[in-house]
Amino acid sequence: MAGDTRTRIAPSPTGDPHVGTAYVALFNFALARHAGGQFVLRIEDTDRVRSNPESERMILESLRWLGLQWDEGPDVGGEHGPYRQSERADIYRDHVEQLVSSGAAYPCFCTRQRLEELREEQRRQKLQLGYDGHCRSLAADEARQRRLAGEEHVIRLRMPGDGETVTNDLLRGEIRFANAQIDDQVLLKSDGLPTYHLANVVDDHLMEITHVIRAEEWISSLPKHVQLYHAFGWQLPVFCHLPLLRNADKSKISKRKNPVSINYYRRAGYLPEAMCNYLALMGWTMPDERDEFSREEFIEEFRLADVSLGGPVFDLDKLTWLNGRYIRQLEPEQLLERLREEAVSDANLLQVLPLVRERIDTLDALFDYGQFFFIGDLVYDDDARARLVAKGRTPAQTAKAFRLLVEEQLDPLLDWRASTIEDALRAFCERHEWTSKELFMPVRIAVTGRSATPPLFDTMAVVGREMCRRRLRCAIEVLRGMK
RNA sequence: GACCCCAUCGUCUAGCCAGGUCUAGGACACCGGCCUUUCACGCCGGCAACACGGGUUCAAAUCCCGUUGGGGUCACCA
């Protein structure tokens with residue numbers, strides 16, 4: 001039976017590969033390998049506007065870099081495909097029709113506007129937020145008619161009005177929710193694609209996933225999922241909700257307070273083994289309590305039931321210490337190989353060299369002049385700190401500009417090229433009444449730590465999106481520390 | 001706010017399920033020392049925690065209840 005264990009990681013390709021995804025993937029991977037089962041990668045791209053192929057590409061690459069190879073997935077195929085939800089629309093539609101005919105789900109014709117007003121009203125009266133069941137009791141005939149007529153609608157799950165939904169979480173034991181306070185979840189959106197809830201449950205069943213191991217933030221939708229399984233008459237998988245990685249202030253880990261992109265760690269010189277090792281330490285301990293171990297040893301010793309529940313604070317210091325231990329254990333030849341794979345890969349060097357060529361007189365000047373192309377976090381010297389503040393602006397104003405820049409212009413979905421970066425920066429100036437003259441030097445300093453650099457946009461393009469965003473965020477902290 | 005989850009050093013955690021062996025163990029960080037031409041590594045040592053209040057019990061970090069605190073979720077996003 002153990003060989004039948006099937007787990008999955010189901011990321012949504014809407015941005016940079018996230019450290020939280022890697023964390024959950026690692027534990028899913030470890031359980032599957034430990035049990036001799038399969039680990040599946042499924043892409044949850046049912047959000048038409050936010051999903052993008054570049055993000056999917058990066059996620060696959062990151063997980064592969066970490067050594068978390070999947071047995072089935074969009075790139076390697078498998079018996080339960082397709083593994084991209086956007087390619088499974090028909091499957092969801094068929095399943096949702098089953099639910100409609102059995103009465104477990106119903107069409108809802110409420111407009112977004114009505115729903116918004118409803119929420120507004122509920123907020124005003126301090127009532128519980130949620131769908132009011134307006135279309136719940138529509139006559140089946142009428143509903144069918146309106147659907148046939150092509151009226152825009154969604155399909156909602158009909159939750160039981162009373163009683164409670166009780167489930168088991170592998171780590172937490174029994175979890176119970178009063179049904180009355182769970183509203184009728186949308187299963188199929190008006191664009192014909194499923195919501196997470198439907199797609200997730202249908203796919204986990206069809207792909208024969210035995211252990212649904214995911215982050216804690218999903219606990220509150222657990223009853224909806226359980227009701228869905230019931231509605232389909234399917235057997236429940238084992239549910240296991242892992243604790244959320246946290247910032248130092250205990251809030252859910254976020255890019256504002258931590259580097260969260262796997263791309264960052266890769267770029268900043270962390271080794272994948274060290275990364276996995278550190279992530280494994282988040283909530284789990286080796287039987288002998290040693291904190292250095294290989295992926296193989298982790299797989300060997302891993303017991304899901306031994307995961308502890310306190311939300312672990314992601315500690316860059318400890319990760320860096322561990323990474324140092326790994327580096328020291330590598331032979332110089334091995335280190336050389338690592339270096340060639342990352343910072344000084346031919347590919348990276350070939351991006352850097354055209355930019356520095358006319359600015360250096362000796363080969364060795366590359367390492368001084370272009371150091372910001374190769375390192376992770378920067379240190380701003382006094383001169384840099386002085387020029388980090390825009391001429392005629394205060395540190396606070398500059399910090400605010402950086403924040404808006406990172407949040408609004410240098411979007412995670414922005415196609416990261418010199419020309420688009422330039423457009424983004426100029427758009428920012430226009431929108432927030434900054435001149436390019438004011439803005440560009442501080443940004444240059446933030447991103448490179450220097451006032452003399454190759455052209456800003458080309459430089460940013462090579463430095464990379466996540467590294468630029470990270471450095472801008474660090475610069476914000478520096479600016480906030482100024483009076 | 002409602003619902004749900006969680007609670008051991010600043011941080012990651014062991015111990016808790018099967019209560020005594022816990023004057024609570026390890027690791028990061030920090031401090032001190034050793035090694036050393038420097039720095040780092042390494043080694044040795046130090047600082048530092050059972051959130052609070054009630055029970056249950058001969059005995060509670062461990063079991064129960066409550067309080068407090070933290071977190072998550074409340075979308076046609078996942």
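Residue numbers begin at 1 in each chain, while the letters A, B, ... track the order of the sequences.
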Can you tell me the base-pairing partner of B:G69? Count Watson-Crick or G-U wobble geometry only, both distances below 3.5 Å, and say none if there is no partner.
B:C6
Mind checking ring pair (Phe, Tyr, Trp, His ring centres under 6.0 Å) for A:F367 and listing every partner two or more places apart, or none if nothing turns up?
none
First encountered from the 5' end of RNA chain B, between A:I175 and A:Y278
A:I175
Mind checking ring pair (Phe, Tyr, Trp, His ring centres under 6.0 Å) for A:H197 and listing every partner two or more places apart, or none if nothing turns up?
A:H225
Just do the ring pair (Phe, Tyr, Trp, His ring centres under 6.0 Å) check on A:Y23 and A:F314 with the steps written out, would you?
CA-CA 11 Å; A:Y23 173 60; A:F314 189 88; 9.2 Å; no
Tell me whether the side-chain N or O atoms of A:K318 pair up with the base of B:A29 as donor and acceptor below 3.5 Å, since no angle test is needed here.
no
side-chain hydrogen bond (donor to acceptor under 3.5 Å, both in side chains) with A:R8: which of A:D204, A:N28, A:T210?
A:D204
Rounded C1' spacing from B:G71 to B:A51 in Å
16 Å
So, A:Y270 versus A:Y278, ring centres under 6.0 angstrom or not?
no
Nearest heavy-atom approach of A:K250 to A:G311 is NZ-O, 4.2 Å
Between protein and nucleotides 72-78 of chain B, map the contacts as a letter string: B base, S sugar-phosphate only, - none, heavy atoms under 4.0 Å, written 5' to 3'.
SSSSBBB
Separation of B:C6 P from A:L170 CG (nearest whole Å)
13 Å
Could you check which nucleotide pairs with B:A48 in any of the strands shown, counting Watson-Crick or G-U wobble with both distances under 3.5 Å?
none
Watson-Crick or G-U wobble partner for B:G42, using a 3.5 Å limit on both distances?
B:C34
Keeping to residues at least two apart or across chains, list the side-chain hydrogen bond (donor to acceptor under 3.5 Å, both in side chains) pairs with something in residues 153-162 of chain A.
A:R147-A:H153
Whether each nucleotide of nucleotides 39-51 of chain B has a protein heavy atom under 4.0 Å at its base (B), only at its sugar-phosphate (S) or at neither (-) is summarised, 5' to 3', as --SS---------
Applying the Watson-Crick and G-U wobble criteria at under 3.5 Å, what pairs with B:A59? Answer none if nothing qualifies.
none
Please state the P separation for the pair B:C4 and B:C41 - nearest whole angstrom.
49 Å
Work out how far the C1' atom of B:G10 is from that of B:U73, and round it to whole angstrom.
29 Å
side-chain hydrogen bond (donor to acceptor under 3.5 Å, both in side chains) pairs, two or more places apart, involving residues 234-244 of chain A:
A:D169-A:H241, A:H205-A:W234, A:R214-A:H241
Has A:N247 got a side-chain atom pairing as donor or acceptor with A:D249's backbone, closer than 3.5 angstrom?
no
For A:F373, which residues count as a ring pair (Phe, Tyr, Trp, His ring centres under 6.0 Å) partner, sequence neighbours excluded?
none
With P as the reference atom in both, quote the distance from B:C58 to B:C31 in angstrom, rounded to an integer.
50 Å
Report the C-alpha separation of A:E174 and A:R176 in whole Å, then their side-chain angles, then the decisive distance to 0.1 Å, and conclude whether the salt bridge (Lys or Arg N to Asp or Glu O under 4.0 Å) test is met.
CA-CA 7 Å; A:E174 213 167 73; A:R176 31 197 344 139; 2.6 Å; yes
For residues 37-60 of chain A, which residue pairs pass the ring-ring contact (aromatic ring centres under 6.0 Å, His included) check, not counting sequence neighbours?
A:F29-A:F39
Complement of B:U11, any strand, by Watson-Crick or G-U distances under 3.5 angstrom:
B:A27
Applying the Watson-Crick and G-U wobble criteria at under 3.5 Å, what pairs with B:G1? Answer none if nothing qualifies.
B:C74
Those residues at least two apart in sequence (or on a different chain) that pass ring pair (Phe, Tyr, Trp, His ring centres under 6.0 Å) with A:Y83 are none
B:G26 to B:C47 separation - C1' atoms, rounded to the nearest Å:
16 Å
List in numerical order all residues of residues 136-151 of chain A for which some heavy atom is under 4.0 Å away from an atom belonging to RNA chain B.
none
Report the residues that fulfil side chain to side chain donor-acceptor pair (under 3.5 Å) with A:R114, sequence neighbours left out, ordered by chain and then residue number.
A:D132
Do any of residues 297-313 of chain A sit with a heavy atom less than 4.0 Å from RNA chain B, and if so which?
A:S308, A:L309, A:G310, A:G311, A:P312, A:V313
